[in-house]
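Single-structure report; data block below.
Whatever order the structure lists ligands and atoms in, that order sets their numbers, starting from 1.
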Amino acid sequence: MSASESSKPFLPFTRPTVDEETIAGVVEVLRSGWLTSGPQVKSFEAKLSALFGGRPVRAFNSGTCTMEIALRIAGIGPGDEVITTPLSWVATSNVILAVGARPVFVDIDPVTRHIDLSLVEAAITPATRAIIPVDLAGLPVDRDRLYAIAQKHQLRVIEDAAQSIGATWGGRRIGSFGDFVSFSFHPNKNITTIEGGCLVLNNEREAKLAEQYRLQGVVRSGVDSMEVEVVGGKFNLTDVAARVGLGQLPHLDTFNSQRREHARTYFELLDTPAGRALGLGLPPADFTNSNWHMFQVVLPEEKLTIKRAGVMEKLQAAGIGNQVHYPAIHLFAVYRRLGWKAGDFPHAEYAGRNILTLPLFPAMVRADVVRVVESLTAILSAHLKS
Ligand SMILES: *Cc1c(COP(=O)(O)O)cnc(C)c1O
């Protein structure tokens, strides 16, 4: 590495963009005397509902809890099975365990890196109640095939759309159709509330239940009456956080088009004869549906004399942030204790060992992408098996 290269500013793999108007708005909320769930949350929920074609939407303090609550609203618990992917943030399957149900993993399609829908029907049993598909990297799972399977077998769907806000399927916005749709507003996601999430529901009955599960099951009525009919938790979003979200929403489309542009540059530089000679696995070049939440490559382990950790260290040393999203879930200790083992889902395991997230966020510039590609190709070229 040359001295000039190491003196370049560190490029993180992602970074939220928060404008001054939002910061001023947060200061106003802090001065308003009302900090927790209140008018800002109501206003945020109304804006989200408008974004999703008028469907009921409720905001929460994480994306994770929205999926757990959707499972509870669907009445899913002990004795029930829920089909999902082994290649996701572990939250996706942890929520299934949290409600006492059993995750049933189905291997991924190595091209889309999504749950392989052609394998789902074989995994359905009389105990199957729901499917949780994950739009990894913001690329939507095929909603036509997904809902055809769900309808045929009378299954609920909880779309883990944590990464796919602003993405579309067949020209329709993810969240504006389907069954339950869950989004996350973690700072790494395409828009943020610092921490937070929202759940798109089917009707007001489900929305009322979501409100109960969100805050200790409490229902208030009259002047001084309170009732509790379900065991809820503490999942409400603060007004401070909601104000951040209100400042983010107007930028969603711009953020996503900036991400798309950088993704295009990655393809322009990597999808070349020289790039292909490296054997790097590129994501599907989808410029219609995806919101380009992440740009992930899969390292060709069989062609390299260096492991992923070595590549990551060298990129880091060159001032380039990078991350793993994600190791295969079924190989975590909690899941191995429940019976899963290496070899169960070979495509997810290969991706889990070799997938690598490269920098992609709205405030990047083209020169940043060029720098990432130059560093990565130099590292890989120096470690190709002969
Ligand atoms: C971020 C994320 C979640 C969880 O969201 P939190 O807001 O962090 O709870 C769930 N699933 C996937 C795929 C995610 O990326």
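- Listed by atom number, the atoms of ligand 1 under 4.0 Å from Ala162 heavy atoms are 2 (C), 3 (C), 10 (C), 11 (N), 12 (C), 14 (C), 15 (O).
- Contact atoms of ligand 1 toward Ser62: 7 (O), 9 (O) (distance under 4.0 Å to a heavy atom of the residue).
- With ligand atoms numbered from 1 in the order given, ligand 1 contributes 11 (N) to contacts under 4.0 Å with heavy atoms of Thr92.
- Contact detail for Gln296 and Ala137: the closest heavy-atom pair is OE1-CB, 3.6 Å.
- Proximity of His325 to ligand 1, defined as any heavy-atom pair under 4.0 Å, is not found for any part of the residue.
- Note on ring orientation: taking the six-membered ring where Trp is involved, the planes of Tyr266 and Phe295 are parallel (angle under 30°, cut-offs 30° and 60°).
- Close N/O approach between Ser184 and ligand 1 is found [any backbone or side-chain N/O within under 3.5 Å].
- Annotation: Phe255 is not in aromatic contact with Phe361 [ring centroid separation under 6.0 Å not met].
- The shortest side-chain heavy-atom distance between Leu278 and Pro300 does not fall under the 4.5 Å cut-off.
- Of all protein heavy atoms, the one lying nearest to atom 3 (C) of ligand 1 is Trp89 CD1, 3.5 Å.
- Contacts between Ser88 and ligand 1 below 4.0 angstrom, taking non-hydrogen atoms only, involve the side chain exclusively.
- In terms of N/O distances under 3.5 Å, ligand 1 is approached by Gln163.
- Of all the heavy atoms of Tyr326, the ones lying under 4.0 Å from any atom of ligand 1 belong exclusively to the side chain.
- No donor-acceptor pair under 3.5 Å is formed between the side chain of Asn322 and the backbone N or O of Leu358.
- Heavy-atom contacts of Gly196 reach the following atoms of ligand 1: 7 (O) (cutoff under 4.0 Å).
- Checked against the 6.0 Å centroid threshold, Phe185 and Phe44 count as a close aromatic pair.
- Here Val134 has side-chain heavy atoms under 4.0 Å from ligand 1, and that is the only part of it that gets that close.
- The shortest contact between atom 1 (C) of ligand 1 and any protein heavy atom is with Lys189 NZ, 1.5 Å.
- The shortest side-chain heavy-atom distance between Pro359 and Asp368 does not fall under the 4.5 Å cut-off.
- In terms of modelled atom types and a separation under 3.5 Å, the side chain of Asp286 and the main chain of Leu139 share no donor-acceptor contact.
- Between Gly63 and ligand 1, a contact under 3.5 Å exists for at least one N or O pair.
- Cation-pi geometry between Arg214 and Phe235 is not satisfied (NZ or CZ under 6.0 Å from the ring centre, within 45° of the ring normal).
- Ring-plane geometry between His330 and Phe105 is classed as tilted, the angle between the planes lying from 30 to 60 degrees on a 0 to 90 degree scale.
- For a threshold of 3.5 Å applied to N or O pairs, the pair formed by Asp160 and ligand 1 contains at least one separation below that value.
- Of all atoms in ligand 1, numbered sequentially from 1 with element shown, those under 4.0 Å from a heavy atom of Thr64 are 4 (C), 5 (O), 6 (P), 9 (O).
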